There are 2 protein chains.
Amino acid sequence: MTVPTGRRERKKAATRQKIADAALGLFLERGYDAVGIREVAAEADVAVTTLFSHFASKEALVFEQDEDFEQRLTCAVTGRAPNEPLIPALRGEVQALVRHCTADSAAPVWRMIEASPALRKYEESMRLRHAETLAAAITADPALSPTPTAGRTIARFVIDAYSLAREAADPDAAVDEIFQMIEAAWQATGPSRPA
Amino acid sequence: MTVPTGRRERKKAATRQKIADAALGLFLERGYDAVGIREVAAEADVAVTTLFSHFASKEALVFEQDEDFEQRLTCAVTGRAPNEPLIPALRGEVQALVRHCTADSAAPVWRMIEASPALRKYEESMRLRHAETLAAAITADPALSPTPTAGRTIARFVIDAYSLAREAADPDAAVDEIFQMIEAAWQATGPSRPA
DNA sequence: ACCGTAACACTACCCGTTAGTGTTTCGGAA
DNA sequence: TTCCGAAACACTAACGGGTAGTGTTACGGT
């Protein structure tokens, strides 16, 4: 039961990558909705069932590496220095994530996402999941001890900030503006909160 | 080209209602996912294509009358008295909507919705649509003139309030708590705003 | 009395996704 | 070294949501 680092793992990862690459290539070239699963499987030279053993759905082919997202936000909460205030920490993390998504290199992918209702829906549910995870992290922090409702609310607001800023004309300015509102909302939940 | 109030209209509405009734009956009886479109069509004694000419999707069969939602929220913004502040008006409307959804009579339907991923996803997109409509109404109000980002943000927060309060243990208290946070966020966008 | 149109039906199909059933290939224990 | 279990992979067949294309009725307005 040692760490499994054999050839099989590498082969599996390679297959997964091959599928993801084939999918992204076809999607960007001809549009997400115009490419069928069977085509992607054929391009990657695997069976359809194999494709679905690596990815839970067609949409998941596009959001391949967005597991980080959840972790980065919760780490911004749980991994901050003692007495470091919550909101600025989240602000920094959201700022970084927004910049990452609005970089020129990511533009074609996001254009594709916004062009497909199915992908938009999928991303919406992802956001909600992230909000719930974040809410759990905030509620569990003994240095904050908000009411459950307040914790969940702040988590939603933070995810909203990410979503809105990404679409804004000036993402950086939008992050600033929205986080001023979030800061005020947070202060309203407990006036004697550490700044 | 007078107002069309003929027999055809009545027949169409009757067919639509018959489909919706058959669908809700089957869904509540056996579960949303366990009932196929073809069964609903058979129960309503119409063809599948007819069903889809009345409803855009299977999910739309459940959210039949939620066109009001959008209108009620925007009316709470556009139809308020001169100098009446924005946030309390929205608070009242959200309060009413939450009470409507958490009423005992609506419980089985909402239990069904929360039991089906497909329905939850659908409702999420509906909420986003509502947020965008509400944002447009807020941004267009000359008495408020917020920045576009602030308007969109407040709209999201209000929809979040509805969503979170509906799921909270004490919905009324949750509405109060969240709207205090929203009020603070709104004040932060323009300190000299009329209370 | 007639024409245009909208509701409705039917067939056949596409697409995402899954179940069921093997077959290969590798890691680790005997 | 040998063999076993597990996991990756393949293939067929199907299911359920949804649509295109092609009529056919039935009604409202002229």
Side-chain angles (χ1 to χ4, degrees), chain A residues 1-20 22-24 26-27 30-64 116-123 125, chain B residues 1-20 22-23 26-27 30-64 112-113 115-123 125:
Chain A
M1 187 72 186
T2 54
V3 180
T5 58
R7 186 181 315 170
R8 212 151 58 178
E9 320 290 319
R10 264 176 286 130
K11 272 198 173 179
K12 178 170 182 174
T15 301
R16 183 190 164 90
Q17 198 56 44
K18 192 169 59 172
I19 295 171
L24 201 60
L26 288 175
F27 290 161
R30 317 217 318 263
Y32 177 80
D33 294 304
V35 178
I37 282 290
R38 289 158 179 87
E39 278 178 276
V40 174
E43 176 82 13
D45 198 29
V46 295
V48 173
T49 48
T50 300
L51 187 155
F52 277 109
S53 77
H54 285 275
F55 298 91
S57 67
K58 187 187 183 187
E59 292 90 26
L61 287 165
V62 174
F63 296 95
E64 202 214 339
S116 159
L119 287 176
R120 276 213 297 270
K121 263 201 191 178
Y122 188 84
E123 209 243 332
S125 336
Chain B
M1 187 71 184
T2 54
V3 181
T5 58
R7 184 180 315 170
R8 207 150 61 180
E9 320 289 321
R10 265 176 286 130
K11 273 198 173 180
K12 179 170 182 174
T15 300
R16 184 190 163 90
Q17 197 57 43
K18 192 170 56 171
I19 295 171
L26 287 175
F27 290 161
R30 317 220 317 265
Y32 177 80
D33 294 304
V35 177
I37 280 290
R38 289 157 177 89
E39 277 178 274
V40 175
E43 176 81 13
D45 199 29
V46 296
V48 173
T49 47
T50 300
L51 187 156
F52 277 109
S53 77
H54 285 275
F55 298 91
S57 67
K58 187 189 182 187
E59 292 89 31
L61 286 166
V62 173
F63 296 95
E64 201 214 341
M112 177 185 79
I113 292 170
S116 159
L119 287 176
R120 275 214 297 273
K121 262 200 189 178
Y122 188 84
E123 209 242 330
S125 343

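Each chain gets a letter, A, B and so on, in the order the sequences are listed, and its residues count up from 1. Hydrogens, waters and symmetry mates are skipped; everything else that's a heavy atom, side chains included, is used. None of these values were measured; they are calculated from a predicted model.
Between B:D33 atom CG and D:dG17 atom C1' there is a gap of 12 Å when expressed in whole angstrom units. Counting to the nearest Å, the P atom of C:dA7 and the NZ atom of B:K18 are 15 Å from each other. Rounded to an integer number of Å, the gap from B:F55 CZ to C:dA7 C1' is 14 Å. Note: CD1 (B:I37) to P (C:dC14) measures 21 Å, nearest angstrom. Atom CZ of B:R30 and atom P of D:dG16 are 11 Å apart (whole Å). Atom OH of A:Y32 and atom P of C:dC15 are 13 Å apart (whole Å). In this structure, B:F52 atom CZ and C:dT11 atom P are separated by 17 Å, rounded to whole Å. In this structure, A:E9 atom CD and C:dG27 atom C1' are separated by 9 Å, rounded to whole Å.
A donor-acceptor distance shorter than 3.5 angstrom exists from the side chain of B:S125 to the backbone of B:K121, with no hydrogens or angles considered. Formation of a donor-acceptor pair under 3.5 Å by the A:E39 side chain with backbone atoms of A:G36 is found in this model.
When heavy atoms are screened at a 4.0 angstrom cut-off, A:V40 is found touching no nucleic acid atom at all.
Rounded to 10 degrees, the angle separating the terminal helix axes of the helix from C:dA1-D:dT30 to C:dA30-D:dT1, each built from five base pairs, is 10°.
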Quick tally for nucleotides 4-12 of chain D: nucleotides whose base has a protein heavy atom under 4.0 Å get B, sugar-phosphate-only ones S, the rest -, giving --B-SSBBB
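The side-chain heavy atoms of B:I19 and B:E43, taken from C-beta on, include no pair separated by under 4.5 Å. Between A:L61 and A:F27 the shortest side-chain heavy-atom distance falls below 4.5 Å.
The side-chain hydrogen bond (donor to acceptor under 3.5 Å, both in side chains) test applied to A:E59 returns A:S57, not counting sequence neighbours. Residues satisfying the salt bridge (charged side-chain N to carboxylate O under 4.0 Å, His left out) criterion with B:E64, sequence neighbours excluded, are B:R16. Residues meeting the ring pair (Phe, Tyr, Trp, His ring centres under 6.0 Å) test with A:F55, sequence neighbours left out: none.
In this structure, B:K58 is not positioned above the aromatic face of B:Y122 in the sense of NZ or CZ being under 6.0 Å from the six-membered ring centre and within 45° of the axis.
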Validation: residues 45-54 of chain B side-chain donor-acceptor distances under 3.5 Å, sequence neighbours left out:
unit_1 : atom_1 : unit_2 : atom_2 : d
B:S53  : OG     : B:T50  : O      : 2.7

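If you check distances only, the side chain of B:R38 never reaches the base of D:dG16 with a donor-acceptor pair under 3.5 Å.
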